[in-house]
Amino acid sequence: MRGSFRRTSNPTTPYKLLAAALVIAFYFVTMLLRHSSQPARSPRPRDRGPAIQLQKWENDTGGPDTPKVTRVKDAMVHTFRNYRAAAWGHDDVLPVSGGYGDSRNGWGAFIVDSASTLALMGLWHELKLAIEHIVRVDFTITEDLVDPFETTIRYLGGLLSLVDLIDSQVVPPSVVSPGDRDKILAQAVALANKLGPAYDSPTGLAWPRVDFALNQGVPDPPEVYLKDPSKPRYEHPVINAARAGSSILENRALSRLSGREIYYQNATKSWAPLVWNRYLEEYPGLVDTPIDIVTGDAVSHQHHWDAGHDSYYEYLLKAAVLAPGDRYSDRYKSRWLAAARSFHKQLTSRSTPTETHKTQHLFMGKYHTGNLLNVQSHLACWAPGSFLLGGAYLQNKTMLNLGRALLEGCHHTYQSTTTGIGPESFSWIPYTNFPEIIYEPRADRSKAELAAHGFWAADPRFLLRPEYVEAVFYGWRITGEQRYRDWAWEAFEAMEKHCRTEHGYAAIADVFAEEGRVVQLDEQESFWSAETLKYLWLTFADVRVGSLDDWVYTTEGHPLRRDV
Ligand SMILES: *[C@@H]1O[C@H](CO)[C@@H](O)[C@H](O)[C@H]1NC(C)=O
Ligand SMILES: *[C@@H]1O[C@H](CO)[C@@H](O)[C@H](O)[C@H]1NC(C)=O
């Protein structure tokens, strides 16, 4: 520019021109800033919307319950120490035999999934060991096919959460060697780049697996059908709601941390067929799946908030909470609200009173090709937490109360068993909402459980799952009612008593087993340390630690920073 002015003969003209140009440029820049400021500017704290956690904690009730915090932390130390002794570097320890398993590509799933729990608990020695492993693994190489859903929620979420916890100084700088933070982020980027081909489908919906050697999305491997022969086969690969809709939080965090939009773009595109559903919804917000990843059409009519669908609905709300200033956050919020309303209307059901158990409980069923199924999984107990979070965020009392009622139903399943732990799945006789009784108690045992408790176990195992204590954590932080801390403690003591082994904590075969007859199963999935212990610990910790006003917990329990 300046060069061209110098070439002009009249010395005054360039200055006039320059001044005019400056005025015009200033005008345009101002206009541009004004118009682009809404999406581009990060919102001020008050733009985050209403406070989520209870604001007034009377008589210091929001402080830590120190003896209980310590006990839960001890459980984490026991878990970590024994994994380290028997299975270091492998995905999981086998808690009864002391062996190990590598079902998650052998990158040390336990270590990555545990890191954010270690960080919150302040277990610095253990965290240092974990970081030493994390920066050394090659996440781009594996002999097995990679499951993009499990890999995103466990590995990618675990790595990104750790970076956020370091950046926010929850992890003090003295714990992290120089350069480690960047190395952890680089690991996340490398892994996410290898997951890229998952999104390479005509609709953007993710492939069931990725072949890292070929850099290609691939269908379900034959083992999946061998393991579950009832799994239907369709013309093209299909995807359920949870798999399609559970990568937005992790990828948003990754785009923020790496400065590369592609991750968030791909994740947005990949759940778009659900969020902007082009098909008529019988109950607004509830999407029918599975969906064909080539055509985008639903191949069956199933909807619910239970296993396989859950975290899509979870992420609608949490995406809005994570990034309130995002251009789609209103859409996510309204989709969640519609789905929550429809879920309540169609899929919740009160149980029938029995001679000996008069109380009715609110349980959660499923819609499956024309039938309302009176069966609920332990997994569905995440939903009360979502109603509580949504009720607080949208300032909706009805929702808060629904959350409380649904949580009471889950608590009842814990409180009723001989072990004090709820079953993997159960059924009830619907009193409201479900016109037909699809499942009835057949065995004497089921009939007896129904008479005594108003439900019977369909699958009596406990797999160390977190959903119940997770919802209790939301109950505590949002309402401040002491009973939720009590419920968390009862659950923890029951797990200590029945699940603890020499090598960690084990799943159990039957939550209704008689005293002394509890059979432990040789499995301890990484969500035990990523979620179950984390939510228990957070319930007894100071309420300012990992506050719901500052952090959003992914579906694997990894806290990510909200936009500020
Ligand atoms: C993004 O999606 C495209 C397909 O649309 C895929 O080819 C690419 O690998 C993905 N990249 C990442 C980083 O996810
Ligand atoms: C509050 O939640 C209830 C229950 O889901 C819903 O029916 C109602 O429309 C919500 N109110 C507002 C103002 O969104």
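Every number for a ligand or one of its atoms is a count from 1 in the order of the listing.
Both the sub-6.0 Å distance and the 45° axial angle are not jointly satisfied by Arg252 relative to the ring of Tyr263.
Taking every non-hydrogen atom of Leu337 and a distance limit under 4.0 Å, the qualifying atoms of ligand 2 come out as 14 (O). Below 4.0 Å from some heavy atom of Tyr199 lie the following atoms of ligand 1, by number and element: 2 (O), 4 (C), 5 (O), 14 (O). The ligand atoms of ligand 1 that sit less than 4.0 angstrom from a heavy atom of Asn266 are 1 (C), 2 (O), 3 (C), 8 (C), 10 (C), 11 (N), 12 (C), 14 (O).
Of the candidates Ala192, Pro148, Gly196, Ser201, the one placing a heavy atom closest to atom 6 (C) of ligand 1 is Gly196. Closest heavy-atom approach to atom 7 (O) of ligand 2 within the set Lys345, Gln395, Arg341, Lys333: this belongs to Arg341. Taking only non-hydrogen atoms, the option from Asn396, Thr398, Leu400, Leu402 nearest to atom 8 (C) of ligand 2 is Asn396.
Between Trp382 and Phe387, the gap from one ring centroid to the other reaches at least 6.0 Å. The aromatic ring centres of Trp336 and Tyr393 sit 6.0 Å or more apart.
For atom 13 (C) of ligand 1, the closest non-hydrogen atom of the protein is Tyr263 CE2, 3.6 Å. Atom 5 (O) of ligand 2 has Met399 CE, 3.1 Å as its closest protein atom, hydrogens excluded (heavy atom only).
Taking the six-membered ring where the residue is Trp, His361 and His357 present parallel rings, their angle staying beneath 30° rather than reaching 60°.
Using a 3.5 Å distance cut-off with no hydrogens or angles, the side chains of Asp297 and Tyr279 do pair a donor with an acceptor. The closest side-chain donor-acceptor pair between His303 and Glu282, if any, does not fall under 3.5 angstrom.
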